[in-house]
Enquirer: 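The following block contains the structure, expressed as structure tokens.
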Amino acid sequence: MKNEATKKATIPVLNMMILHADKGPSGFWTGDQEGCGNPQIFPEFEKGLKGGSLVQKEHYLCPWNTAVLYGSAQGNVHSGCYYSCSIKKAKYLSTEMLKKVLIRFRTRLQNGGYDNLEQMVPLLTSDEAEYIEEQMHLEEAEQNHRRKKERRERLKKAASLIKKFPDEECLFGTYYGEKELVCTYDGTIDFDPEGYKSVVGADRFTYDEYLEVQIKSFHKTRDWFETCFHNIPLGFKGCIEKNTGKRICFQRIVVEGMYPDGGCFVGKEDHVWMDISGFEGFQVGDCLSFFAEIYRYVKTGNGKQIDFGLRNPEGIKQIKAYELPTDEELMEQEIGQMLCETCYLEEHCNRVSCLRPRNDMRNLKKQMLDVLKSRHAADDSQ
């Protein structure tokens, strides 16, 4: 009886879809599922699209389910429309084709053609299925043509930069003039044409100068501040080394932050200068924890570079010196995170209790720590 009631409720909805086939296909609900309910046919779906709330039409079965549209060989009606939906393909059908498909579905529904959901016969005819594929190929060809044209235009506009940085031609051809933040092997490039406006001291930059300075700044910026700038800073700790009356210098700033996926990181930056505002009551030797805004600025000491600094501190608290991790402790944290991320048992680990033999891990960490120490010593001697 329930099936009969839902079938009966489905018919007037289908009739409305057939009547407005010129406005494209529509599903029976909308919430956070893009491309389902069509507000041009059912205005009430507008609420769901704007607010992400569930608005649903009672129905027995949807014609755009892949198993319904293409048959059981290509879809599974029991997996639900979220996992087995082909409405995006149905959008390639012409108005007349769409009407015929919906009328065919309504007829089958009324005649009991969908009483057994185990064996689904394709709703589309072979000609209709081929038409969809042809339209998809045509659209893909048009998109490829448009992308190639846009790439040629970007390369033309970036010609002067390509002469200076020929190794970056592929990047310029893909992102020049786009609002994209691109991570490369050497560093991060902000291709946003308006991006330079948020960089202190870059107000007179041209777009090409902005890109050029970013590339020239590779491997010369404060890496951990940059990591926080592009992710989520959690806080900073440091010990005051100098006080000029207007500015203070931290001997070391310990950086704590989080990636968007929830993974956390800890790093350090040495000899960081900040405006004294907010730190007036503290002396050289005091260790502090605080939060601050990370910003970009133009550094002109050795040619123009873009670097990262801290400003507008808040939540400043004095802490004990032993709360600041040593270089060796930071190296150990870095090694531990690296080993976890590359471990062959990662998929089976709860990140609480290590599954690998304790002695093996201890020896491996010691070996890696010795290598890091030797590298740091070599860097300091240069």
Side-chain angles (χ1 to χ4, degrees), residues 1-49 52-140 347-348:
M1 292 298 293
K2 182 180 179 182
N3 284 349
E4 291 303 319
T6 52
K7 285 181 188 178
K8 188 175 180 180
T10 306
I11 301 304
V13 183
L14 288 173
N15 290 338
M16 188 65 70
M17 292 179 184
I18 295 167
L19 182 64
H20 297 285
D22 60 313
K23 298 173 182 175
S26 177
F28 292 83
W29 66 281
T30 186
D32 59 355
Q33 173 68 353
E34 181 184 355
C36 185
N38 186 342
Q40 294 186 67
I41 299 175
F42 303 105
E44 56 268 39
F45 284 149
E46 189 72 39
K47 178 183 176 182
L49 289 171
S53 56
L54 177 63
V55 179
Q56 185 172 7
K57 295 283 188 181
E58 186 179 2
H59 64 287
Y60 174 73
L61 195 62
C62 179
W64 316 127
N65 186 293
T66 303
V68 177
L69 202 60
Y70 287 94
S72 298
Q74 293 193 38
N76 183 352
V77 71
H78 299 291
S79 64
C81 57
Y82 184 85
Y83 299 99
S84 186
C85 179
S86 289
I87 193 170
K88 290 183 178 179
K89 290 191 174 182
K91 289 179 180 179
Y92 289 100
L93 292 169
S94 68
T95 299
E96 288 304 313
M97 286 180 173
L98 199 56
K99 282 183 180 180
K100 290 179 180 179
V101 169
L102 287 168
I103 292 171
R104 194 179 305 137
F105 177 76
R106 182 182 63 185
T107 301
R108 290 187 187 181
L109 185 66
Q110 291 174 320
N111 294 340
Y114 295 114
D115 289 351
N116 181 6
L117 300 181
E118 299 305 319
Q119 294 295 327
M120 306 293 290
V121 179
L123 180 61
L124 290 176
T125 65
S126 58
D127 288 344
E128 290 163 347
E130 288 176 7
Y131 178 83
I132 289 175
E133 294 302 314
E134 289 172 2
Q135 296 304 307
M136 290 174 63
H137 288 313
L138 285 173
E139 183 178 82
E140 184 179 1
E347 294 183 0
H348 309 283

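Scope of the values below: all heavy atoms of this structure, side chains included, with no hydrogens, waters or symmetry mates. Residue numbers start at 1 and run along the sequence shown. Bear in mind that the values here come from a model prediction, so they are computed numbers and not experimental data.
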Enquirer: Any side-chain heavy atom of Leu69 sitting closer than 4.5 Å to one from Phe105?
Expert: no
Enquirer: Is Ile132 close to Tyr70 at the side-chain level, that is, under 4.5 Å between some pair of heavy atoms?
Expert: yes
Enquirer: Check the pair Phe42 / Val13 against side-chain contact (heavy atoms from CB on, under 4.5 Å), numbers first and verdict last.
Expert: CA-CA 9 Å; Phe42 303 105; Val13 183; 3.5 Å; yes
Enquirer: Would you give the length of the straight line joining atom CG of Asp22 to atom CD of Gln40, rounded to the nearest 0.5 angstrom?
Expert: 9.0 Å
Enquirer: Test your reading of the model: is there a side-chain donor-acceptor pair from Ser72 to the backbone of Ala67, 3.5 Å cut-off?
Expert: no
Enquirer: Does Glu140 have any side chain to side chain contact (heavy atoms under 4.5 Å, CB included) partners at least two apart in sequence or in another chain, and if so, which?
Expert: His137, Asn144
Enquirer: What pairs with Gln56 under side chain to side chain contact (heavy atoms under 4.5 Å, CB included), at least two apart in sequence or on another chain?
Expert: Trp29, Leu54, His59
Enquirer: Taking all non-hydrogen atoms of both residues into account, name the closest pair between Trp64 and Pro25 and its distance.
Expert: CZ2-CB, 3.7 Å
Enquirer: Could you tell me the separation between the OG1 atom of Thr10 and the CE atom of Met17, rounded to the nearest 0.5 Å?
Expert: 9.0 Å
Enquirer: Under 3.5 Å, which donor-acceptor pairs do the side chains of residues 89-100 form with other protein atoms, sequence neighbours left out?
Expert:
{"unit_1": "Tyr92", "atom_1": "OH", "unit_2": "Glu139", "atom_2": "OE1", "d": "2.5"}
{"unit_1": "Ser94", "atom_1": "OG", "unit_2": "Met97", "atom_2": "N", "d": "3.3"}

Enquirer: Using the salt bridge (Lys or Arg N to Asp or Glu O under 4.0 Å) rule, collect all pairs that involve residues 102-124, keeping only residues at least two apart or in two chains.
Expert: Lys7-Asp115, Arg104-Glu128
Enquirer: A side-chain contact here means heavy atoms from C-beta on lying under 4.5 Å apart; do Tyr131 and Leu124 qualify?
Expert: no
Enquirer: Do any N or O atoms from the side chain of Ser26 and from the backbone of Asn38 form a donor-acceptor pair under 3.5 angstrom?
Expert: yes
Enquirer: How long is the span from the CG atom in Asn15 to the NE2 atom in His20, to the nearest 0.5 Å?
Expert: 10.5 Å
Enquirer: For Leu109, is there any backbone N or O sitting under 3.5 Å from a side-chain donor or acceptor partner on Tyr60?
Expert: no
Enquirer: When Ser86 is tested against each of Asn65, Val68, Thr66 for side chain to side chain contact (heavy atoms under 4.5 Å, CB included), which residue passes?
Expert: Thr66
Enquirer: Nearest heavy-atom pair of Pro39 and Gly37: which atoms, and what distance?
Expert: CD-O, 3.3 Å
Enquirer: Quick check: does any side chain N or O of Ser84 sit under 3.5 Å from a backbone N or O of Gly75, one acting as donor and the other as acceptor?
Expert: no
Enquirer: Do Val101 and Pro63 come within less than 4.5 Å of each other through their side chains, counting heavy atoms only?
Expert: no
Enquirer: What I'd like to find out is whether the side chain of Leu61 reaches to under 4.5 Å of the side chain of Met120, using heavy atoms alone.
Expert: yes
Enquirer: Should we say atom CE of Met16 is surrounded by more than 12 heavy atoms from elsewhere, each under 6.0 Å from it?
Expert: no
Enquirer: What pairs with Ser126 under side chain to side chain contact (heavy atoms under 4.5 Å, CB included), at least two apart in sequence or on another chain?
Expert: none
Enquirer: What pairs with Glu46 under salt bridge (Lys or Arg N to Asp or Glu O under 4.0 Å), at least two apart in sequence or on another chain?
Expert: none
